[in-house]
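Here's the structure we're looking at; comments come further down.
What you see is a predicted model; the values in this text were computed from it and never measured.
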Amino acid sequence: AQQIQQILAPLFPGLMGITLVEAGPERVVATMTVRPDLCTTGEVLHGGALMAFADTLGAVGTFMNLPRGARTTTVDSSTKFIAAAPHGTTVTGECTAFHRGRTTQVWQTLVRREDGKLCAVVTQTQLVIPG
């Protein structure tokens with residue numbers, strides 16, 4: 001996870017403050033503090049920020065499974081918003097693989113608040129682009 005964290009640091013996920021806790025071929029776990037600049041009205045995490053958080057986890061999971069020289073990109077994503085995450089708290093995303101195929105991978109991320117309440121369920125499909 002630390003090696004991938006260094007890759008992400010200067011990129012958009014680093015700007016968002018995503019911290020990888022675990023990164024493996026079947027599961028990725030990360031946290032993100034709900035800062036004011038990631039919020040919308042009502043001082044809650046913006047839906048786009050939540051989606052970008054989850055998208056990053058699915059991409060990292062896919063990256064962990066890529067053959068040498070291959071790349072990945074998201075080709076489909078579906079988000080079910082369930083509860084708000086308030087400013088000043090930390091959300092945790094747990095992303096697990098549904099399908100790890102040769103040309104596509106499907107991942108689902110559960111995003112939870114500090115109190116354990118589910119904020120969102122994000123399911124995404126990643127395309128595997130050969131090198």
Side-chain angles (χ1 to χ4, degrees):
Q2 193 173 39
Q3 195 172 18
I4 295 172
Q5 184 74 51
Q6 290 176 342
I7 294 169
L8 296 177
L11 306 174
F12 185 65
L15 181 66
M16 290 182 61
I18 296 173
T19 301
L20 292 175
V21 175
E22 175 186 332
E26 294 184 15
R27 181 173 174 229
V28 177
V29 178
T31 61
M32 183 176 72
T33 301
V34 181
R35 304 183 320 239
D37 58 331
L38 297 176
C39 288
T40 186
T41 58
E43 297 185 330
V44 295
L45 185 61
H46 188 284
L50 191 149
M51 292 167 70
F53 174 58
D55 182 72
T56 298
L57 275 57
V60 167
T62 301
F63 178 80
M64 299 298 295
N65 289 281
L66 289 177
R68 176 170 235 118
R71 298 176 296 128
T72 185
T73 190
T74 306
V75 293
D76 181 70
S77 183
S78 171
T79 302
K80 305 299 181 226
F81 296 102
I82 299 174
H87 162 258
T89 64
T90 299
V91 291
T92 299
E94 179 182 1
C95 185
T96 54
F98 277 4
H99 167 73
R100 294 180 299 143
R102 189 175 47 81
T103 58
T104 62
Q105 295 190 27
V106 180
W107 293 80
Q108 184 176 71
T109 304
L110 302 178
V111 180
R112 296 185 185 278
R113 304 188 314 200
E114 289 177 350
D115 64 4
K117 184 159 180 68
L118 186 64
C119 294
V121 177
V122 180
T123 304
Q124 72 194 79
T125 303
Q126 294 287 131
L127 179 66
V128 175
I129 304 166

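A 4.5 Å side-chain heavy-atom check between V60 and L8 finds at least one atom pair inside the cut-off. Looking at I82 and V121, their side chains come closer than 4.5 Å, going by heavy atoms from C-beta outward. Inter-residue side-chain proximity for I129 and T72 is flagged as unmet; no heavy-atom pair is nearer than 4.5 Å. T74 places none of its side-chain heavy atoms less than 4.5 Å from the side chain of T125. The shortest side-chain heavy-atom distance between T56 and P13 falls under the 4.5 Å cut-off. Contact check for Q124 versus D55: side-chain heavy atoms found under the 4.5 Å cut-off. With contacts defined as side-chain heavy-atom distances shorter than 4.5 Å, the pair C119/L50 qualifies. Side-chain contact check for C39 versus H46: every heavy-atom pair is 4.5 Å or farther apart.
For R112, there are no salt bridge (charged side-chain N to carboxylate O under 4.0 Å, His left out) partners at least two apart in sequence or on another chain. E43 is linked by a salt bridge (charged side-chain N to carboxylate O under 4.0 Å, His left out) to nothing, counting only residues two or more places apart in sequence or in another chain. A search for salt bridge (charged side-chain N to carboxylate O under 4.0 Å, His left out) contacts involving R35 returns D37, not counting sequence neighbours. Applying the salt bridge (charged side-chain N to carboxylate O under 4.0 Å, His left out) criterion to E114, with sequence neighbours excluded, gives no partner residue. Partners of N65 by side-chain hydrogen bond (donor to acceptor under 3.5 Å, both in side chains), not counting sequence neighbours, listed by chain and number: R100. Among residues two or more places apart in sequence or in another chain, the side-chain hydrogen bond (donor to acceptor under 3.5 Å, both in side chains) test is passed with Q108 by T123.
Considering OG1 of T62 and CG of L57, their distance stands at 10.5 Å, rounded to 0.5 Å. A distance of 5.5 Å separates CE in M51 from CZ in F81, rounded to the nearest 0.5 Å.
Within 6.0 Å of CZ on F12 lie no more than 12 heavy atoms contributed by other residues, nucleotides or ligands.
Looking at every heavy atom in both residues, L38 comes nearest to M16 through CD1-O, 3.6 Å. Scanning both residues, V128 and P130, for their nearest heavy atoms gives O-CD, 3.5 Å. The shortest heavy-atom contact between P36 and H87 is CG-NE2, 3.2 Å. The minimum heavy-atom distance between Q126 and G58, with the atom names listed, is CG-O, 4.0 Å.
In this structure a side-chain-to-backbone donor-acceptor pair under 3.5 Å is present from Q5 to L20.
Under 4.0 Å is where a charged nitrogen must lie from a carboxylate oxygen, and between D115 and K117 no such pair does.
For the side chain to side chain contact (heavy atoms under 4.5 Å, CB included) test with F53, the passing option among V111, T92, T31 is V111; the others fail. When each of T109, V122, L110 is paired with C95, the side chain to side chain contact (heavy atoms under 4.5 Å, CB included) condition holds for T109 and for no other.
Residues V29 and M32 do not share a hydrophobic cluster, defined by chaining ILVMFWY side chains whose heavy atoms lie under 4.5 Å apart. Linking Ile, Leu, Val, Met, Phe, Trp and Tyr residues whenever their side-chain heavy atoms come within less than 4.5 Å places I4 and V28 in a single cluster. In this structure, V34 is a member of the same hydrophobic cluster as L15, with clusters built from ILVMFWY side-chain heavy atoms closer than 4.5 Å.
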